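All of these numbers come straight from a predicted model, not from anything done at the bench. Proteins come first, then strands; the chains are lettered A, B, ... in the order of their sequence lines, and each starts at number 1.
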Protein chains: 2
Amino acid sequence: MAKSTNREDHLKALYALGERKGGSDAWVATNDLAAHLQVKAPSVSGMVQVLQELGWAEHRPYHGARLTPSGRSLALSLVRKHRLWETFLVQRLGFGWDEVHDIAEQLEHIDSVELVQRLDAYLDHPEVDPHGEPIPNVHGDILDKRVLMPLSELPAGAWGQIGAVQDDQGQVLDQLQRNNLGLGSVIGPKERTTLPAEGHQYILVTPWENADARPQTSAP
Amino acid sequence: MAKSTNREDHLKALYALGERKGGSDAWVATNDLAAHLQVKAPSVSGMVQVLQELGWAEHRPYHGARLTPSGRSLALSLVRKHRLWETFLVQRLGFGWDEVHDIAEQLEHIDSVELVQRLDAYLDHPEVDPHGEPIPNVHGDILDKRVLMPLSELPAGAWGQIGAVQDDQGQVLDQLQRNNLGLGSVIGPKERTTLPAEGHQYILVTPWENADARPQTSAP
DNA sequence: CCTATTTTTTAGCCACACCTAAAAATGACA
DNA sequence: TGTCATTTTTAGGTGTGGCTAAAAAATAGG
């Protein structure tokens, strides 16, 4: 009993929702996993128990699940592969940043350590993917010193610069593109009203106290 | 009921063995498919019937199976993807030609028409893969005007130039590499005795009547 | 604090794709 | 032509990973 595409998908979801809930000791609800994976709760319930038997997750019945260190390590390797492939698709093949998620979702399951090493070198060891998300290194460490907060939490009147966009479906990415905004773009009061409010929580910005402090930037 | 990795593997095997047996109207034996796919005969028997229901293969019980035109088209698209990915792995990522088969075997199942188009363009529309095998175009046509014959069928005393190597396991590729031979290398009586005879049928050469007619070439 | 709603798990079912063992068809050869 | 070995298919079973329906636990509200 070992790796499979479905188990990897569950590991990744467990990691993603765990992070969103505040770190590696957070418990993730079965229903949340099911919604994220587009699957029914009983399927998740079963899979989580398999992951537990494999030593990759911890399961407290009727409470939730979370990754073990080895499960976390596997999940981070998947995140690494996903983000490297997205970088390849955008930087080398010329895909738009809103077109690569689904393809990377398939590519991340390709099993070859040397392929990942060579891809990483071929891309000049990128630190972030096309959406500004940090790429874990080969040890699974994420070294990201940027100060980022959701646009939705940026104080009213404050300015910010787009550092990352957490949007798997591509709707927010698409919205930004239509407004000629990308990584590095400056967000002021005008942009905040232009962009649909539902997307603000997925747009991570580096904040400034006031508009005068903002640096020179350009649209992508 | 549609595409799946396993069904695609069976389609590809059916295509490969059909070609080896002499073309699109050749019947392929269940046992041959099973051996090629590293699976038992009953598994193939079942899968072939599924492929028949899907309209991708024709099955004459106790006789064999062969692809329908639409099955053939699907198989050729898989061959195209496989060979494009092999080209990418060798030309762009720097893999050795004996290291790429297994990885391409995974990559060929990635489902994205646009990805294949962009990859093809990125590689400058290659006509052959790193093993000299022709890459079908987007319509599934193989336009390969080279005259190639297995080294095993080259008349004794005749010379030839390596045009392609049909070796999924990599043993023959490895042998050639150890003797500093590659695509374009000239094969004479000396090389024929050096290379293990079992591999000769997988080495395709362009023959010449005599040694004087051979062109200038170099090892890879 | 006790009941009602929500969440989660268990139970039981289905499809896919493999397997072994047994039956059926084919083909080879005396 | 009849028998026997080989090939193929069918029958029945396993593991994976989904599903629905029902049971069980947790949570929320009066």
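Nearer the 5' end of DNA chain D, as judged by each residue's closest nucleotide, is the contact made by A:Ser4, out of A:His63 and A:Ser4.
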Stepwise side-chain contact (heavy atoms from CB on, under 4.5 Å) test for A:Asp9 and A:Glu108 | CA-CA 10 Å; A:Asp9 284 339; A:Glu108 73 191 5; 4.1 Å; yes
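Contacts of residues 20-28 of chain B with DNA chain D (heavy atom under 4.0 Å): none. Of the residues in residues 29-43 of chain B, those placing a heavy atom less than 4.0 Å from an atom of DNA chain D are B:Ala29, B:Thr30, B:Asn31, B:Ala41, B:Pro42, in numerical order.
For B:Gln49, whose side chain is taken as the heavy atoms from C-beta onward, the closest listed nucleotide among D:dT9, C:dC18, D:dT16 is D:dT9.
Applying the salt bridge (charged side-chain N to carboxylate O under 4.0 Å, His left out) rule to B:Arg20 yields no partners; only residues at least two apart in sequence or on another chain are considered. Residues satisfying the salt bridge (charged side-chain N to carboxylate O under 4.0 Å, His left out) criterion with B:Glu105, sequence neighbours excluded, are B:Lys12. Residues passing the side chain to side chain contact (heavy atoms under 4.5 Å, CB included) test with A:Tyr15, sequence neighbours excluded: A:Glu19, A:Leu67, A:Arg72, A:Ala75, A:Leu76, A:Val79, A:Ile142. For the salt bridge (charged side-chain N to carboxylate O under 4.0 Å, His left out) test, residues two or more places apart in sequence or in another chain that qualify with A:Arg178 are A:Asp174. In this structure, A:Asn6 has no side chain to side chain donor-acceptor pair (under 3.5 Å) partners at least two apart in sequence or on a different chain. Not counting sequence neighbours, the partners of A:His63 by the ring pair (Phe, Tyr, Trp, His ring centres under 6.0 Å) test are A:Trp27.
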Report, one line per pair, each donor and acceptor closer than 3.5 Å where one atom sits in a side chain of residues 86-94 of chain A; sequence neighbours left out.
residue	atom	partner	partner atom	Å
A:Glu86	OE1	A:His131	ND1	3.1
A:Glu86	OE2	A:His82	NE2	2.9
A:Thr87	OG1	A:Arg83	O	2.7
A:Arg92	NH2	A:Tyr122	O	2.8

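The interatomic distance linking B:Tyr62 (OH) with C:dA25 (C1') rounds to 5 Å, in whole Å. We find that CE of A:Met47 is positioned 12 Å from C1' of D:dG15, with the value rounded to whole Å. Residue A:Gln52 contributes atom CD, which lies 11 Å from atom P of C:dT9 at whole-angstrom precision. Atom CG in B:Leu51 sits about 12 Å away from atom C1' in C:dA17, given to the nearest Å. Taking atom CG on B:Asn6 and atom P on D:dG15, their separation rounds to 18 Å, with Å as the unit.
Phosphate contact (OP1/OP2 of D:dG17, side-chain N/O of A:His10, threshold under 4.0 Å): absent.
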